[in-house]
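Order of listing sets the numbers, starting from 1, for every ligand and every atom in it.
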Amino acid sequence: MATQKMLKFVTVGKQMPEKRDASSRKQDFDEIYREFAAQKAAEQSSRCSQCGVPYCQAHCPLHNNIPDWLRLTAEGRLQEAWEISQATNTFPEICGRICPQDRLCEGNCVIEQSGHGTVTIGAVEKYITDTAWEEGWVKPGTPAIERAESVGIIGAGPGGLAAADRLRRAGVQVTVYDRYDRAGGLLTYGIPGFKLEKPVVMRRIEQLEAAGVQFVLNCTVGEDLTFDAIRGRHDAVLIATGVYKIREIEAPGSGAAGIVRALDYLTVSNKLSFGDEVEEFQNGTLNAEGKRVVVIGGGDTAMDCVRTAIRQGATSVKCLYRRDRANMPGSQREVQNAEEEGVEFVWLSAPKGFSGGTAVEGVMVQKMRLGAPDSSGRQSPEVIEGADYVEPADLVVQALGFEPEDLPKLWGVEELSVTRWGTIKADFRTHATSLPGVYAAGDIVRGASLVVWAIRDGREAADAIMDYLAQSGAVAAE
Ligand SMILES: Cc1cc2nc3c(=O)[nH]c(=O)nc-3n(C[C@H](O)[C@H](O)[C@H](O)COP(=O)(O)OP(=O)(O)OC[C@H]3O[C@@H](n4cnc5c(N)ncnc54)[C@H](O)[C@@H]3O)c2cc1C
Ligand code: SF4
């Protein structure tokens with residue numbers, strides 16, 4: 001039926017183009033899209049067998065009650081479906097868009113396991129919550145009773161924001177500090193807009209503001225404000241600063257112009273989608289247009305870079321990874337998307353250095369084979385001697401992952417315990433750190449992870465902070 005309507009739309013558009021302006025065409029398109037999405041959501045939801053062994057739910061980090069909201073969606077009871085969905089997830093429409101469902105809920109769907117193709121759980125979750133926004137069901141979490149206690153949250157990524165939402169709903173005074181000019185963390189400046197549209201993130205931040213969460217932006221803790229000052233201002237503190245130290249390639253020629261960091265490249269591209277003017281894009285430094293682009297790395301960040309380069313009009317985009325396809329850390333779905341868009345994967349290839357002078361002209365590639373498994377069971381790449389070659393490149397993007405910054409040193413708090421990987425040591429249930437009243441959540445505890453895990457941590461940390469505030473005897477304001 002949607003297809004018929006779409007055909008009608010195309011025909012109408014062809015017959016009288018001069019009578020239909022761009023905005024009415026968009027309205028028609030939106031209407032058709034909504035109808036199509038509604039039909040798909042109902043179709044997919046009714047495929048759920050209500051198997052009674054919800055592996056999907058068990059493999060969702062938030063243990064979302066997926067079978068129930070699928071059943072309600074299939075029955076057309078969307079508001080009830082949304083109420084159940086948002087009870088366990090602070091940002092369901094965001095997870096629906098960017099969770100690697102093939103590794104989580106959908107990968108464990110019983111129908112998928114029996115070879116009939118998963119129920120598209122993420123797409124239904126997105127549809128339910130997008131509808132809730134359109135219908136005005138999503139309201140700011142303004143508390144019924146204000147409390148006197150205040151909590152400072154360092155980091156406005158999904159971990160910090162999930163905690164802010166939960167604490168504010170409980171009436172706590174919440175201030176979120178972030179070094180960027182916009183809140184959202186990697187939702188705003190890491191994940192590209194073609195995967196997660198920026199207005200979807202911004203409307204959540206506006207709702208938090210409307211609920212009374214205070215944001216202090218352009219504020220780097222450790223530089224503009226000390227950590228001790230934040231502790232002094234608040235009854236409890238949550239550290240949710242993510243991981244931002246870049247792993248860089250140290251090889252001959254690595255200082256040449258045209259070799260850039262993945263996050264710098266993606267941040268600039270994301271700023272453009274807000275309409276910002278960015279010099280590094282305009283002067284070509286972080287712009288792939290008309291260039292031969294090589295991205296080094298095999299994770300989701302690398303996939304975002306290759307797909308961004310395609311959209312910027314690169315003449316060719318290649319992704320070098322030292323293992324093979326089966327051993328890539330990134331989502332297979334993302335690899336497939338990238339391939340369909342024209343990205344070429346060069347498996348079993350590692351950079352040895354860079355050719356060119358002051359500006360890069362190519363990546364010197366060593367060919368690899370997979371050898372014996374290491375202690376983790378993963379096959380280690382080994383160099384194939386005599387098979388080196390040069391991959392021509394005008395822009396090389398390094399996407400080799402992130403590590404935590406040395407927060408105890410940067411913030412002058414040696415008593416803040418960290419693990420041997422530099423992540424903050426926190427209780428896995430309460431998220432309490434070695435400092436009284438200080439909690440930590442998200443990537444800064446787990447290392448580079450996923451949005452859905454940061455949300456879970458933020459929610460759990462907020463609950464533990466509420467217990468801490470109750471135990472430390474602070475009193476409700478009125
Ligand atoms: C390019 C990219 C793509 C990704 N794609 C996906 C995806 O598709 N799906 C998925 O599930 N996950 C994805 N991830 C991972 C996901 O984004 C992270 O796991 C998640 O954002 C972690 O949330 P967080 O709140 O812990 O930290 P972040 O989102 O990193 O937020 C931390 C915030 O703290 C702020 N901050 C840091 N230090 C300070 C300081 N000293 N003072 C003040 N503020 C500070 C930062 O500015 C930032 O805003 C991706 C990651 C990257 C890099
Ligand atoms: S939050 Fe992520 S893992 Fe959980 S149901 Fe939604 S898409 Fe699946």
Side-chain angles (χ1 to χ4, degrees), residues 56-57 59-66 69-70 85 88-109 118 120-126 129 153-163 176-192 195-196 216-225 227 230 238-244 246 262-263 265-267 269-270 299-305 308 330-331 333-334 399 401-402 404-405 407 410-411 440-458:
C56 55
Q57 185 169 358
H59 286 85
C60 164
L62 293 162
H63 301 312
N64 284 341
N65 191 344
I66 300 164
W69 47 255
L70 287 177
S85 152
T88 48
N89 191 351
T90 317
F91 308 124
E93 74 284 22
I94 293 178
C95 292
R97 283 170 166 84
I98 49 97
C99 269
Q101 287 101 3
D102 53 344
R103 287 188 258 151
L104 301 170
C105 53
E106 293 181 10
N108 292 281
C109 166
T118 178
T120 56
I121 297 165
V124 177
E125 188 177 29
K126 164 183 177 296
T129 315
I153 297 177
I154 310 172
L161 295 181
V176 183
Y177 302 86
D178 202 288
R179 65 180 162 200
Y180 285 141
D181 57 344
R182 291 185 177 94
L186 291 170
L187 301 178
T188 299
Y189 283 142
I191 303 173
K195 274 168 63 183
L196 177 60
V216 180
L217 301 176
N218 296 306
C219 173
T220 303
V221 174
E223 288 175 20
D224 301 311
L225 201 56
F227 178 66
I230 290 186
L238 175 68
I239 304 171
T241 47
V243 286
Y244 285 88
I246 316 276
L263 203 55
Y265 177 64
L266 293 172
T267 303
S269 166
N270 277 314
D300 288 335
T301 303
M303 296 310 102
D304 289 345
C305 292
T308 300
S331 152
R333 200 181 274 183
E334 283 292 297
F402 303 93
E405 290 157 308
L407 290 187
L410 285 174
W411 291 356
D443 281 6
I444 190 59
V445 177
R446 293 179 178 273
S449 178
L450 293 174
V451 168
V452 65
W453 283 110
I455 294 173
R456 172 168 163 174
D457 288 356

Any atom of ligand 1 sitting under 4.0 Å from a heavy atom of [X]?
{"X": "Asp300", "result": "no"}
{"X": "Gly222", "result": "no"}
{"X": "Phe402", "result": "yes"}

Using a strict cut-off of 4.0 Å, indicate which atoms of ligand 1 neighbour a heavy atom of [X].
{"X": "Gly242", "value": "27 (O), 30 (O), 32 (C)"}
{"X": "Ala240", "value": "32 (C), 33 (C), 34 (O)"}
{"X": "Tyr180", "value": "47 (O), 49 (O)"}
{"X": "Gly185", "value": "29 (O), 31 (O), 48 (C), 49 (O)"}

Give the residue, atom name and distance (to 0.1 Å) of the protein heavy atom nearest [atom].
{"atom": "atom 13 (C) of ligand 1", "answer": "Ile191 CD1, 4.0 Å"}
{"atom": "atom 39 (C) of ligand 1", "answer": "Thr241 CG2, 3.7 Å"}
{"atom": "atom 7 (C) of ligand 1", "answer": "Ile98 O, 3.5 Å"}
{"atom": "atom 49 (O) of ligand 1", "answer": "Asp178 OD2, 2.6 Å"}
{"atom": "atom 25 (O) of ligand 1", "answer": "Gly159 N, 2.9 Å"}
{"atom": "atom 26 (O) of ligand 1", "answer": "Asp443 N, 2.9 Å"}
{"atom": "atom 3 (C) of ligand 1", "answer": "Asp304 OD2, 3.0 Å"}
{"atom": "atom 34 (O) of ligand 1", "answer": "Gly155 CA, 3.2 Å"}

Quiz prompt | Candidate with minimal heavy-atom separation from atom 41 (N) of ligand 1, of Val176, Leu196, Val221 | solution = Val221

Exercise. Could you check which of Ala183, Pro158, Gly157 puts a non-hydrogen atom nearest to atom 23 (O) of ligand 1?
Key: Pro158

Quiz prompt | Steps toward side-chain contact (heavy atoms from CB on, under 4.5 Å) verdict (Asp181, Leu217) | solution = CA-CA 5 Å; Asp181 57 344; Leu217 301 176; 5.7 Å; no

Heavy atoms only, cut-off 4.0 Å: how does [X] contact ligand 1, side chain, backbone, both, or neither?
{"X": "Val451", "answer": "both"}
{"X": "Tyr244", "answer": "side chain"}
{"X": "Ala454", "answer": "side chain"}
{"X": "Tyr189", "answer": "neither"}
{"X": "Cys219", "answer": "backbone"}
{"X": "Leu266", "answer": "side chain"}
{"X": "Lys195", "answer": "side chain"}

Self-check item: Separation between CD1 of Ile444 and CG of Leu407, rounded to the nearest 0.5 Å
Solution: 4.5 Å

Quiz item: Going through the distances and angles, do Trp411 and Thr241 end up as a side-chain contact (heavy atoms from CB on, under 4.5 Å)?
Solution: CA-CA 12 Å; Trp411 291 356; Thr241 47; 3.9 Å; yes

Any N/O pair [X]/ligand 1 closer than 3.5 Å:
{"X": "Thr301", "answer": "no"}
{"X": "Gly442", "answer": "no"}
{"X": "Ser449", "answer": "yes"}
{"X": "Arg179", "answer": "yes"}
{"X": "Cys99", "answer": "no"}

Quiz prompt | Passing option when Leu104 is tested against Pro61, Cys60, Cys56 for side-chain contact (heavy atoms from CB on, under 4.5 Å) | solution =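 Single side-chain contact (heavy atoms from CB on, under 4.5 Å) partner of Leu104 among Pro61, Cys60, Cys56: Pro61.
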
Quiz item: Taking atom types as modelled and ignoring hydrogens, do the side chains of Tyr265 and Asp304 form a donor-acceptor contact shorter than 3.5 angstrom?
Solution: no

Quiz item: Can you find a side-chain donor-acceptor pair between Ser331 and Asp102 that sits under 3.5 Å?
Solution: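 Indeed, the side chains of Ser331 and Asp102 share at least one donor-acceptor pair under 3.5 Å.
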
Self-check item: Parallel, tilted or perpendicular: rings of Tyr180 and Tyr189 (30°, 60°)
Solution: perpendicular

Strictly distance-based, threshold 3.5 Å: is any side-chain N or O of [X] a donor or acceptor partner for the main-chain N or O of [Y]?
{"X": "Glu106", "Y": "Pro100", "answer": "no"}
{"X": "Arg97", "Y": "Glu93", "answer": "yes"}
{"X": "Glu125", "Y": "Ile94", "answer": "no"}

Self-check item: Sub-2.8 Å protein N, O or S atoms surrounding atom 4 (Fe) of ligand 2
Solution: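 Result, waters dropped: Cys60 SG.
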
